[in-house]
Amino acid sequence: EVQLVESGGGLVQAGESLRLSCATSGFAFDDYPIGWFRQAPGKEREGVACITNTDGTTFYADSVKDRVTISSDDANNTVYLQMNDLRPEDTAVYYCAASSTYTRAWHWVPRAPHEYDYWGQGTQVTVSS
């Protein structure tokens, strides 16, 4: 059974940092692209950062570039999202997801929510001003 479990969310003040974790199981971690997405109330789900474990290719949304780093721990089948200098507009539920459609992607990583088919339950991030 494929499982993705997010953790690390919480309430922080603007300018602070958080590290989200996505623990995975039930699939070939090295072959699957993994992405972090977020959804704020009344808004569509959007991609934040994605990584393909075959060659480490990454994608970052323009809104978070230079503030966010996605990394992958192959030994523990876990993907992290380090978020720095958080802003109130970063407030959302953050989800991690895996894509079975684009396994073994090379020099490219899927970045749209519809390209991912396995999802975690989400973790809330709230940034106060």
So, taking the atom named [atom1] in [X] and the one named [atom2] in [Y], what distance separates them when rounded to the nearest 0.5 Å?
X	Y	atom1	atom2	answer
Q82	L20	CD	CG	9.0 Å
Y80	S7	OH	OG	8.5 Å
T101	D117	OG1	CG	5.0 Å
T54	W108	OG1	CH2	11.0 Å
S128	L86	OG	CG	10.5 Å

Do [X] and [Y] share a hydrophobic cluster, counting only Ile, Leu, Val, Met, Phe, Trp and Tyr and linking them when any side-chain heavy atoms are less than 4.5 Å apart?
X	Y	value
L18	I51	yes
I34	Y95	no
F59	L4	no

Pairwise side-chain contact, V109 with T58, heavy-atom cut-off 4.5 Å (strictly under):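 V109 vs T58: side chains apart.
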Side chain proximity check, H107 to D55, heavy atoms < 4.5 angstrom: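 Sidechains of D55 and H107: in contact.
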Parallel, tilted or perpendicular, as decided by the 30° and 60° cut-offs, for the rings of W119 and F37: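 Rings of F37 and W119: tilted, as their planes differ by 30° to 60°.
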Ring geometry between Y32 and F27 (parallel below 30°, tilted from 30 to 60°, perpendicular above 60°):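 Geometry flag for Y32 against F27: tilted rings.
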Pair D90 + R87, salt bridge at N-O below 4.0 Å: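 No, no charged N to carboxylate O under 4.0 Å.
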Heavy-atom neighbours of D66 CG exceed 12 at 6.0 Å: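 Count not over threshold, so no.
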Polar contact flag, side-chain donor to acceptor under 3.5 angstrom, D73-S71: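 No, S71 and D73 have no side-chain donor paired with an acceptor closer than 3.5 Å.
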